[in-house]
Every structure is written in structure tokens, then in C-alpha cells.
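Once you've had a glance at the structure underneath, I'll fire off some questions.
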Amino acid sequence: MNMEIEITQKHDNLSRHPMYERLISLEAIRVFMKYHVFAVWDFMSLLKALQREVTCVNIPWMESDHDSESVRLINEIVIGEESDLDMEGNAISHFSLYKKAMEEVGADTSLITNFTKTFDFESLPIEIREMLVFHLDLAKNGKTHEVASSFFYGREKLIPEMFESIVKVIKKSKLECPNLIYYLERHIELDGEEHGPKAAKFLQTLTKTDIEQHEVLDVARKSLMFRWNLWDFIQKEIQLL
């Protein structure tokens, strides 16, 4: 199968994953957030890898080799992810905002808290461990266009439809989790209207050869596979309630 067609199908399938239909109780939301927070966390390493490669974070400062529009895009996303505003107008990272939403609904934060202190990968379910290992290795060792591929196909392009599906179920079920809804809708707005289209253009500027295009699509396929595996795992955990 053509990889571009395969990636489109994977996107479509993820937007309709049966896991969403199970988010109809606070107990299910708690399970979802307990494990989804790891995808929120590992996104930051992909972003910081792009910041390292596209902007200048060294001293002495040097002009970036990338165009100013790409530099601005990455810096804008970093500002939003590390210091956006919460519902009260206070500066907060999206990771902290997500943990705040977890506390709001009573989700278990011990797994992510312990992991970010110890980085004990063996303490994690294999579906989460494999996802983290792949993305962290990509952030550390991947080519810029490969990191940008996972960033775009696995996050910026995927998130609006995926989160819209989750928000619809939560609102239909009339669950009380305003901070979670705020987090999800904030990403739908930013990624769908601003960051997603710009990230697509940015990825195009990085992909100049057939080999690079193949590498981009291969990373995209793998990133989407790990997201599907995570959703399958969460669905099974919810079924155990």
C-alpha cells in the first residue's frame, strides 16, 4: 500500500477509535488521563528537539539557517506549550494544565509523577514504554525532518479531529471536567487553525529529496501506530472498570 494512503487511513481510523465511545463516566476519564498524560509529556521532547535544531539556543547566539517563518512557528509553539494561560488567566505549561485537570477529576497522577522523577521505563505498561522510547530516541537522534514528521503527522495534524471526538463524548455525557475540556478545546483551536497548517508548510520546506520523503512517511506511520496502540491499551483498561 502507498504510504501516503496508509497514513491517511490511520488518521481516519484514529479519529473514530472505539475508545472514545467509552469516555462516558468520570471513572473512564480518570483511566484515560492516567495514561494519556504520557503523550502530553513526550510531545515536549519532540518540540524541544525542533527548537534546538531550528532556532538558536546556544551561546554565543547565531542566526538560524532556517527561514524566519519556521523559527517563529517553533518559538510560538514553545511559548504556548510552556507558558500558556489557564482558565483563570495564569501562566502555565500545558503539561501542568493537564495534571491540574487530572487532579480536578481525581485521576491517578502517581505514575507520571514517579516516572518524571526516576525515568524508570520498566515501571510503565509496555504500550507506553514503547511509545516513549521511540519518541525520545527520535528527539535525541532523529533527523530534523523525521522529528518534524512525528510532530506534524502524529500530533499537530491528528489532534484536532481526535480531541473533537473526545470533547463531543464528554459534553454529551455532561461530565464535570472544565479544565480538561479547556485543555482539549485549546489544542483544537491552536493546532487546527494555526499550528497545524504552519507545521505542514514547515515540514515541506525540510523535505527536499525522495529519500527524505520516504523517511518522513515512515516516521509518520510509526508515530500513528504507537498512538493506536496507546488507545487500544486505554480502551482495555477502561473495560476492566
Shortest non-hydrogen separation from Ile92 to Leu85 and the atoms involved: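 The pair with the smallest heavy-atom distance is CG2-C, 4.2 Å.
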Step-by-step ring pair (Phe, Tyr, Trp, His ring centres under 6.0 Å) determination, Trp231 to Phe32: CA-CA 9 Å; Trp231 273 190; Phe32 168 77; 5.5 Å; yes
Over 12 non-hydrogen atoms of neighbours within 6.0 angstrom of CG in Asp210: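 No, the 6.0 Å shell around CG holds no more than 12 heavy atoms from other groups.
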Candidate pair Ile77 and Leu50, rule side chain to side chain contact (heavy atoms under 4.5 Å, CB included), full reasoning: CA-CA 10 Å; Ile77 297 176; Leu50 290 176; over 6 Å; no
Qualifying residues under ring-ring contact (aromatic ring centres under 6.0 Å, His included), relative to Phe151, sequence neighbours excluded: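 So Phe151 forms a ring-ring contact (aromatic ring centres under 6.0 Å, His included) with Phe43.
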Approximate separation, where rounding is to 0.5 Å, of Lys143 NZ and Ser149 OG: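 Reported value, rounded in 0.5 Å steps: 12.5 Å.
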Could you tabulate the donor-acceptor pairs under 3.5 Å formed by side-chain atoms of residues 157-167, not counting sequence neighbours?
{"unit_1": "Ser165", "atom_1": "OG", "unit_2": "Ser15", "atom_2": "O", "d": "3.0"}
{"unit_1": "Ser165", "atom_1": "OG", "unit_2": "Glu161", "atom_2": "O", "d": "3.1"}

ILVMFWY network linking Trp228 to Tyr20, side-chain heavy atoms under 4.5 angstrom: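 Trp228 clusters together with Tyr20.
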Charged N-O contact under 4.0 Å between Lys198 and Glu76: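 Between Glu76 and Lys198 there is a salt bridge, with a charged N closer than 4.0 Å to a carboxylate O.
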Val219 side chain reached by Leu138 side chain, heavy atoms, under 4.5 Å: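 Side-chain contact under 4.5 Å: yes.
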Closest non-hydrogen atom pair, Val169 against Leu23: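 Heavy atoms of Val169 and Leu23 come nearest at CG1-O, 3.2 Å.
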Lys171 side chain reached by Ile181 side chain, heavy atoms, under 4.5 Å: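 Ile181 reaches Lys171 side chain to side chain.
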Heavy-atom closest pair, residues Ala148 and Leu206: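 Residues Ala148 and Leu206, closest heavy atoms: CB-CD1, 3.7 Å.
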Hphob cluster co-occupancy, Ile126 + Leu136, side-chain heavy atoms under 4.5 angstrom: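 Different clusters.
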For Tyr183, all residues meeting ring-ring contact (aromatic ring centres under 6.0 Å, His included), sequence neighbours excluded: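 Testing Tyr183 for ring-ring contact (aromatic ring centres under 6.0 Å, His included), a comparison that skips the adjacent residues, returns Tyr98, His187.
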Side chains of Leu240 and Val31 in contact at under 4.5 Å (non-hydrogen atoms):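 Not in contact.
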ILVMFWY cluster, Leu203 and Leu190 together (side-chain gap under 4.5 Å):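 The answer is no; the residues belong to distinct hydrophobic clusters.
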His135 vs Ser45 side-chain heavy atoms within contact, under 4.5 Å: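 Not touching, per the 4.5 Å side-chain cut-off.
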Closest heavy-atom pair and its distance - Ala101, Leu180: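 That closest heavy-atom pairing would be CB-N, 3.6 Å.
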Residue list, ring-ring contact (aromatic ring centres under 6.0 Å, His included) with Phe121, at least two apart or on another chain: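 Phe121: ring-ring contact (aromatic ring centres under 6.0 Å, His included) contacts with Phe115.
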Rounded distance [0.5 Å steps], NE2 in His195 versus CD in Glu156: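 Interatomic distance, His195 NE2 to Glu156 CD, rounded to 0.5 Å: 7.0 Å.
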Leu124 versus Arg129, closest heavy-atom pair with distance: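 That would be O-NH1, 2.8 Å.
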Side chain Arg155, main chain Ala39, donor-acceptor under 3.5 Å: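 Indeed, once roles are kept as given, a pair shorter than 3.5 Å links the two residues.
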Atom pair OG1 (Thr205) and NE2 (His66), whose distance is rounded to the nearest 0.5 Å: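 Here the interatomic distance stands at 7.5 Å.
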Separation between CD1 of Ile188 and CD of Glu193, rounded to the nearest 0.5 Å: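 Here the rounded value is 10.0 Å.
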Main-chain N/O of Val147 paired to Ser150 side chain as donor or acceptor, under 3.5 Å: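 Checked: no pair found.
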Sidechain-backbone polar pair: Thr116 side chain, Thr113 backbone, donor-acceptor under 3.5 Å: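 Checking the backbone N and O of Thr113 against the side chain of Thr116, a donor-acceptor pair under 3.5 Å is found.
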Residue pairs fulfilling salt bridge (Lys or Arg N to Asp or Glu O under 4.0 Å) with at least one residue in residues 91-107, sequence neighbours excluded: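 Qualifying pairs, neighbours excluded: Asp86-Lys100, Glu88-Lys100.
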Salt-bridge present (Asp232, Lys236; N to O < 4.0 Å):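 Answer for the salt bridge query: no.
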Residue Gln239 excluded, over 12 heavy atoms near CD under 6.0 Å: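 Count over threshold, so yes.
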Arg221/Asp218 under side chain to side chain contact (heavy atoms under 4.5 Å, CB included): CA gap, chis, key distance, verdict: CA-CA 5 Å; Arg221 179 180 58 81; Asp218 185 54; 2.6 Å; yes
Residue Asn90 excluded, over 12 heavy atoms near CG under 6.0 Å: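 For Asn90, atom CG is crowded (more than 12 foreign heavy atoms under 6.0 Å).
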Hydrophobic cluster membership, Met62 vs Val71, 4.5 Å side-chain cutoff: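 No, it is not one cluster - the side chains of Met62 and Val71 are not joined through contacts under 4.5 Å.
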Greater than 12 external heavy atoms within 6.0 Å of Ile211's CD1: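 At most 12 heavy atoms, drawn from other residues, nucleotides or ligands, come within 6.0 Å of this atom.
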Same apolar cluster: Ile74 and Trp61, side chain cutoff 4.5 Å: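 Cluster IDs for Ile74 and Trp61 differ.
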Listing, residues 51-60 side-chain donor-acceptor contacts under 3.5 Å, not counting sequence neighbours, or none:
{"unit_1": "Gln51", "atom_1": "OE1", "unit_2": "Lys48", "atom_2": "NZ", "d": "2.6"}
{"unit_1": "Arg52", "atom_1": "NH2", "unit_2": "Ala139", "atom_2": "O", "d": "2.9"}
{"unit_1": "Thr55", "atom_1": "OG1", "unit_2": "Gln51", "atom_2": "O", "d": "2.6"}

Flag side-chain contact, heavy atom, 4.5 Å: Trp41 against Leu132: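 Trp41 reaches Leu132 side chain to side chain.
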Shortest non-hydrogen separation from Ser123 to Leu111 and the atoms involved: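 That closest heavy-atom pairing would be O-CD1, 4.1 Å.
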More than 12 heavy atoms of other groups within 6.0 Å of Glu69 CD: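 No, because the 6.0 Å sphere around CD of Glu69 holds 12 heavy atoms or fewer from other groups.
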Ser173 (side chain) donor-acceptor with Leu175 (main chain) under 3.5 angstrom: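 Between the backbone of Leu175 and the side chain of Ser173 there is no qualifying donor-acceptor contact (under 3.5 Å).
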Side-chain (Glu212) to main-chain (Thr207) donor-acceptor, under 3.5 angstrom: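 Checked: no pair found.
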Atom pair CZ (Phe134) and CG (Asp42), whose distance is rounded to the nearest 0.5 Å: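 Taking CZ in Phe134 and CG in Asp42, the distance rounds to 10.5 Å.
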Check against side chain to side chain contact (heavy atoms under 4.5 Å, CB included), Phe152 and Val216: CA-CA 10 Å; Phe152 172 64; Val216 161; over 6 Å; no
Over 12 non-hydrogen atoms of neighbours within 6.0 angstrom of NZ in Lys208: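 Atom NZ in Lys208 is packed in, count exceeds 12.
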Donor-acceptor contact below 3.5 Å, side chain His11 vs main chain Leu224: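 Answer holds: no.
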Stepwise side chain to side chain contact (heavy atoms under 4.5 Å, CB included) check, Asp108 with Arg30: CA-CA 7 Å; Asp108 182 3; Arg30 290 173 186 140; over 6 Å; no
From Ile170 atom CD1 to Lys168 atom NZ, the distance as rounded to the nearest 0.5 Å: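 Between atom CD1 of Ile170 and atom NZ of Lys168 there are 13.0 Å.
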Side-chain donor/acceptor of Ser83 to backbone N/O of Ile79, under 3.5 Å: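 Yes: the side chain of Ser83 pairs with the backbone of Ile79.
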Arg186 and Glu189 ion-paired at < 4.0 Å: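 Answer for the salt bridge query: yes.
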